[in-house]
Amino acid sequence: MNQETKQKSVVFALLIATFLTAIEGTIVSTAMPKIVEDLGGSELYTWVISVYLLAIVISTPVFGKLADLFGRRIMFTIGVSIFLAGSMFSGLSQSMEQLVLFRLIQGIGAGALTTLPFTIIGDVFTFEMRAKMQGWMSSVWGIAGITGPLAGGFIVDTISWHWIFYMNLPFGIVSLFLLWTSLKENIEKKKRKIDYSGIFTFAVSITAFLYALTLLKEQKHVTGGILTLLIVAAVGISLFLWIESKAEEPMLPLTLFKNRFITISTIAGFMLGFILVAVTFYIPLWVQGVTGLNATMSGVTMLPMSITWPFAAVLSGKLMAKTSIGRITVMGISVITAGCLGLVLLTEHTTVPLMMIVTAMIGFGFGLSLTAFTVAVQSSVEWKVRGAAMGTFNLMRNLGQSIGIAVSGLWLSDQLSGHALESSLHTVFIILVILAVSAIVTAGMLLGEKGRQLSIN
């Protein structure tokens, strides 16, 4: 990077882009019941969410490596352009099938917005300033979590759900303009090999698995077509693992799993991703479909989660100097488990304040546990493989969300209101409790002496 780069403008551009990515999940979750009411296709409810998350999982490593080859600015521009095109067409959707397709496009672009801002910050700022900038970037996720549910509910109730997608356009254009005119880079092309075969095999396998789940939900029994898709998924994943073991620069570096901290953190991260996506999208559905309140109130119900999460994240950092990462993660997941038990006890007469207590607990637990797992992954490897380690952890957590919304959707009632919905959501919430307990057991493996040393160092 040369001296012509305008750092403040670059940061502003990256903050806007990160905010758009961060708010997309929460703002869509509050709008989904209304979208299904307008477009129909309730059987595709989970696909609107899972296809977006799957696209991010696949495109993130691709954009990261292409940025090394062709430069950050051009790949950021391409990513944002794809994201905005997907946003515009999502707003124009006339059917759920169209919305799923356009959310796929939007998710591909979001992969760039997820990874490149952190890379650009590492390029533009000195070591001493990076931590401060990363803190600003992280705070954007908290702000988006607070404003997303409220903004989504307000837009749906007062304007139209279409505008939750259209609103991305002006902000995205401003972000593009600022970065293009402010970031100056001397591109040093590196000889990097993109794991195309691994990415393709992974995409086909997971898509086949998700589509098999969709058909299973529709047909209620395993057909020949569903069995074929499951076999394709199983064979594909086996082939993917073989490819990754041979690739020079694999999408998923399997050697990292020799590290005990990374293995435990990624397994727990996968389960927590499953729980997180179900909580994020099914609590608003409960508020609107079971309790009978509007989208704005579903946003209010989710608000405490976005407040307690960053608070607990800060607390987690302070606790690491006093106790082991294992104890912090177990404590955090225990709070999540208690929150999931609270979800199981919900009824159609449960008041909003009581539901807000539950979401506050869940947010607090995630803030404690995910922060500690992130530090465990960062601190258990040397600098030269830290990026790969964090990429693997984030990939597995995002994959947990993508698969989680599809698997939990098997129990979701086609009738998105009344007693049928209440019964199906209670089943999902019980599954979340089981997963949370499993995550506690997994995190408990970090309770040893080595875990205490890692947290102190």
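Because only heavy atoms are used, hydrogens play no part in the values below, and waters and symmetry mates are left out as well, while side chains stay in.
- Remark: Tyr282 OH to Ile405 CD1 distance equals 3.5 Å, nearest 0.5 Å.
- Separation of atoms CG (Leu230) and OG (Ser205) is listed at 12.0 Å; rounding is to 0.5 Å.
- Ile333 and Ser369 make their closest contact through CG1-CB, 3.9 Å (heavy atoms, listed as atom of the first residue, atom of the second, distance).
- Contacts of Ala372 classified as side-chain contact (heavy atoms from CB on, under 4.5 Å), with partners at least two apart in sequence or in another chain: Ser316, Met320, Ile325, Ile328, Thr329.
- Thr201 contributes no side-chain N or O that, together with a main-chain N or O of Phe240, makes up a donor-acceptor pair within less than 3.5 Å.
- Around CH2 of Trp242, the count of heavy atoms belonging to other residues, nucleotides or ligands within 6.0 Å does not exceed 12.
- In this structure a side-chain-to-backbone donor-acceptor pair under 3.5 Å is missing from Ser160 to Val156.
- Under a 3.5 Å cut-off, the side chain of Thr291 and the backbone N or O of Gln288 do not form any donor-acceptor pair.
- The number of heavy atoms from other shown groups lying within 6.0 Å of CZ (Phe200) does not exceed 12.
- Of the possible polar contacts, one joining the Ser90 side chain to the Gly86 backbone as a donor-acceptor pair under 3.5 Å is found.
- Put simply, CD1 on Ile155 and CD1 on Ile159 are 5.5 Å apart, with the number rounded to the nearest 0.5 Å.
- No donor-acceptor distance shorter than 3.5 angstrom exists from the side chain of Asn168 to the backbone of Leu84, with no hydrogens or angles considered.
- In this structure, Ile430 CD1 and Cys340 SG are separated by 11.5 Å, a value rounded to the nearest 0.5 Å.
- Distance OG1/Thr427 to CH2/Trp411: 9.0 Å, rounded to 0.5 Å.
- Gln106 is not listed as a side-chain neighbour of Ile82, based on a closest heavy-atom distance of 4.5 Å or more.
- With sequence neighbours left out, the side-chain contact (heavy atoms from CB on, under 4.5 Å) criterion links Ser424 to Leu412, Ser413, Leu421.
- A distance-only check finds a donor-acceptor pair linking the side chain of Gln98 to the backbone of Gln94 [under 3.5 Å].
- Here the side chain of Ser175 pairs no donor or acceptor atom with the backbone of Phe171 at under 3.5 angstrom.
- Among all heavy-atom pairs drawn from Ile243 and Ser197, the shortest one is CG2-OG, 3.4 Å.
- Side-chain contact between Met355 and Ile283: absent, with no pair of heavy atoms (C-beta onward) separated by less than 4.5 Å.
- Within the 3.5 Å criterion, the main-chain N or O of Thr301 finds a donor-acceptor partner in the side chain of Thr359.
- The ring pair (Phe, Tyr, Trp, His ring centres under 6.0 Å) test applied to Trp309 returns Phe366, not counting sequence neighbours.
- Within the 3.5 Å criterion, the main-chain N or O of Gly367 finds a donor-acceptor partner in the side chain of Thr371.
- Under a 3.5 Å cut-off, the side chain of Thr350 and the backbone N or O of Leu346 do not form any donor-acceptor pair.
- Within the 4.5 Å cutoff, side-chain heavy atoms of Trp286 are placed close to those of Glu422.
- Note: Phe429 and His426 have perpendicular aromatic rings, judged against thresholds of 30 and 60 degrees for the angle between ring planes.
- Between Arg397 and Leu272, every side-chain heavy-atom pair lies at or beyond the 4.5 Å cut-off.
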